[in-house]
Enquirer: 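Got a structure for you, questions after.
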Amino acid sequence: MATFSVHFDGPITIEHKVSIRVLAKTYEHMQRAIDRAYLINTYGEVWKHARLKADQYPETEFIAAYPREGGIFLDAARDGAERIIDRIAVAIRPVFEGAANRAIDQFEGIDAQFNNRQLYTQQIGHDIATYDQVAENPPPQWAPAYSNRAIVKEIDQLVGLVVPERVDGSIVDITLNGALPHLPFRFTPETAKRFHLIAAHRELGPAMAIPARIRALDRGNKFARPSAKIENLSSGREVNLQLHSRGDADELHPYHDGREVWLIVAPVIEAMGFDLRGGDLMFLRVA
């Protein structure tokens with residue numbers, strides 16, 4: 001029997017109850033984590049916008065138990081789903097340990113990374129790997145780390161429920177029981193904040209050249225950065241192209257006419273993971 005238990009205590013609870021918002025988000029994000037763990041176990045990885053097929057839903061449906069007092073415990077179980085629960089524990093353990101041990105690096109901002117990548121591509125000229133070359137031999141950590149992040153980002157939103165000041169002093173414990181023994185994960189507001197910093201960390205990967213067609217181009221506004229959607233002609237997938245400034249949109253505008261154009265881009269890596277087929281790219285320059 002596979003089970004999970006989410007235990008809230010402190011000001012977030014009122015007479016051994018929680019708000020509908022907390023209750024709904026708890027089950028919602030646990031279900032999404034379960035779905036992604038199932039996809040990883042089934043296909044070896046999870047990719048951007050991956051969804052369950054209709055006949056897979058019954059295999060991921062846990063049955064919720066009545067809430068228990070003691071703060072409040074929200075439990076659920078399913079026979080035969082031990083590997084799913086074990087996969088969730090494997091994904092969140094290293095991020096949780098980094099957060100619990102206060103092991104937060106001083107991350108370099110995206111703007112600084114962008115400038116470094118642009119300078120690098122100018123220095124090496126035409127000796128930039130193509131998308132096809134990278135796809136033939138991708139960094140080995142990209143796919144598993146991206147799969148883990150798909151689970152971690154759901155847990156991140158769940159444990160973030162104890163962060164707001166109005167519930168300061170609350171805790172959330174997540175206990176996972178699969179085929180293997182797993183120590184409980186206890187999140188205080190401080191641990192949850194550090195967990196989020198690690199889970200949400202973004203960095204730019206090595207520059208590469210891709211053949212593309214620009215499908216949409218947005219110059220942005222004072223609230224949102226400019227962006228584009230391109231078809232990667234090597235993979236046949238449409239992906240998001242992040243732009244650093246309106247000047248980038250102006251540089252791309254002449255090519256927004258359906259023609260093929262070679263772009264120099266950098267993968268936007270999240271929590272050390274990247275979906276090479278559908279992950280976001282950062283525009284550096286036209287090749």
Side-chain angles (χ1 to χ4, degrees), residues 1-9 12-13 17-68 71-96 99 144-164 167 170-180 182-187 192 195-196 198-200 270-271 273 275 278:
M1 176 71 73
T3 66
F4 72 78
S5 178
V6 181
H7 169 223
F8 290 99
D9 207 351
I12 198 170
T13 65
K17 299 179 180 68
V18 288
S19 68
I20 292 176
R21 189 184 311 278
V22 171
L23 185 72
K25 286 183 175 293
T26 297
Y27 287 128
E28 175 188 9
H29 292 301
M30 282 304 302
Q31 183 64 63
R32 288 182 177 179
I34 287 166
D35 293 348
R36 280 144 182 79
Y38 173 86
L39 290 170
I40 296 169
N41 287 343
T42 302
Y43 301 107
E45 63 178 300
V46 64
W47 52 95
K48 193 167 186 177
H49 305 309
R51 295 292 184 271
L52 296 176
K53 297 177 181 178
D55 61 352
Q56 294 174 327
Y57 278 91
E59 299 184 53
T60 61
E61 288 183 352
F62 279 60
I63 302 302
Y66 286 109
R68 293 184 288 128
I72 184 173
F73 288 83
L74 305 175
D75 308 321
R78 176 175 176 78
D79 281 328
E82 287 81 3
R83 289 182 63 240
I84 292 177
I85 292 298
D86 290 338
R87 192 63 189 77
I88 294 174
V90 167
I92 66 178
R93 176 64 63 184
V95 181
F96 171 78
Y146 186 84
S147 295
N148 285 344
R149 183 189 173 277
I151 295 172
V152 167
K153 72 177 184 180
E154 300 299 339
I155 302 301
D156 178 34
Q157 294 182 73
L158 192 165
V159 301
L161 294 170
V162 301
V163 170
V167 295
S170 301
I171 60 97
V172 55
D173 296 315
I174 300 177
T175 303
L176 303 172
N177 294 309
L180 303 173
H182 303 290
L183 293 174
F185 302 90
R186 164 157 289 200
F187 292 88
F195 188 90
H196 175 73
I198 299 173
E270 300 175 275
D275 176 6

Enquirer: Is any side-chain heavy atom of Leu161 closer than 4.5 Å to one of Lys25?
Expert: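 Heavy-atom side-chain distance check passes, below 4.5 Å.
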Enquirer: Take Thr3 and Ile85 through the test side chain to side chain contact (heavy atoms under 4.5 Å, CB included) and record every step on the way to the result.
Expert: CA-CA 7 Å; Thr3 66; Ile85 292 298; over 6 Å; no
Enquirer: Would you name the heavy atoms of Tyr38 and Leu52 that are closest together and state the gap between them?
Expert: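 That would be CD2-CD2, 3.6 Å.
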Enquirer: Parallel, tilted or perpendicular: which describes the rings of Phe62 and Phe4, with under 30° parallel and over 60° perpendicular?
Expert: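 It falls in the tilted class, 30° to 60°.
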Enquirer: Indicate the atoms forming the closest heavy-atom contact of Val159 with Ala192, along with that distance.
Expert: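 It is O-CB, 3.7 Å.
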Enquirer: Testing Glu154, Gln31, Arg149 one by one against Arg36 for a side chain to side chain contact (heavy atoms under 4.5 Å, CB included), which residue passes?
Expert: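 That would be Glu154.
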Enquirer: By the salt bridge (charged side-chain N to carboxylate O under 4.0 Å, His left out) test, which pairs, at least two apart or in different chains, include something from residues 38-53?
Expert: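 For residues 38-53, and leaving out neighbouring residues, the salt bridge (charged side-chain N to carboxylate O under 4.0 Å, His left out) pairs sorted by first residue read Glu45-Arg277, Lys48-Asp280.
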Enquirer: Does any non-hydrogen side-chain atom of His7 lie less than 4.5 Å from one of Pro184?
Expert: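 Of all side-chain heavy-atom pairs linking His7 with Pro184, none is under 4.5 Å.
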Enquirer: Can you see which heavy atom on Ala145 is nearest to which on Ala271, and at what distance?
Expert: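 That would be CB-O, 3.9 Å.
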Enquirer: Given side chains that start at C-beta, do those of Phe8 and Leu74 come closer than 4.5 Å, heavy atoms only?
Expert: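 The answer is yes; the side chains approach within 4.5 Å.
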Enquirer: Given side chain to side chain contact (heavy atoms under 4.5 Å, CB included), test Glu59 with Thr42 step by step and report yes or no.
Expert: CA-CA 11 Å; Glu59 299 184 53; Thr42 302; over 6 Å; no
Enquirer: For a 4.5 angstrom cut-off between non-hydrogen side-chain atoms, does Met30 reach Asp35?
Expert: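 SC-SC contact between Met30 and Asp35 ruled out.
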Enquirer: Looking at Ser5 and Arg68, what are the two nearest heavy atoms and their distance?
Expert: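 For Ser5 and Arg68, the tightest heavy-atom pair comes out as OG-NH2, 3.7 Å.
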Enquirer: On a heavy-atom basis, which atom in Ala37 and which in Ile84 lie closest, and how many Å separate them?
Expert: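 In this case the closest contact between Ala37 and Ile84 is CB-O, 3.6 Å.
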Enquirer: Can you say whether the rings of Phe187 and Phe185 are parallel (under 30°), tilted (30 to 60°) or perpendicular (over 60°)?
Expert: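 It falls in the parallel class, under 30°.
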Enquirer: Looking only at heavy atoms, what is the nearest atom pair of Ala64 and Ala76, with distance?
Expert: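 Looks like CA-CB, 4.0 Å.
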Enquirer: Find out whether Ile155 and Phe96 are in side-chain contact, i.e. whether some heavy atom of one side chain is under 4.5 Å from a heavy atom of the other.
Expert: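 A side-chain contact is absent here, since even the closest heavy-atom pair is not under 4.5 Å.
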Enquirer: For residues Asn177 and His182, determine if any side-chain heavy atom of one lies less than 4.5 Å from a side-chain heavy atom of the other.
Expert: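 They are not in contact (no side-chain heavy atoms under 4.5 Å apart), so the answer is no.
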Enquirer: Is the shortest side-chain heavy-atom distance between Arg186 and Val172 below 4.5 Å?
Expert: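 They are not in contact (no side-chain heavy atoms under 4.5 Å apart), so the answer is no.
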Enquirer: State, with a plain yes or no, whether a side-chain heavy atom of Val152 is found less than 4.5 Å away from one of Ile198.
Expert: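 When only atoms from C-beta onward are counted, Ile198 and Val152 do not touch, as no gap falls below 4.5 Å.
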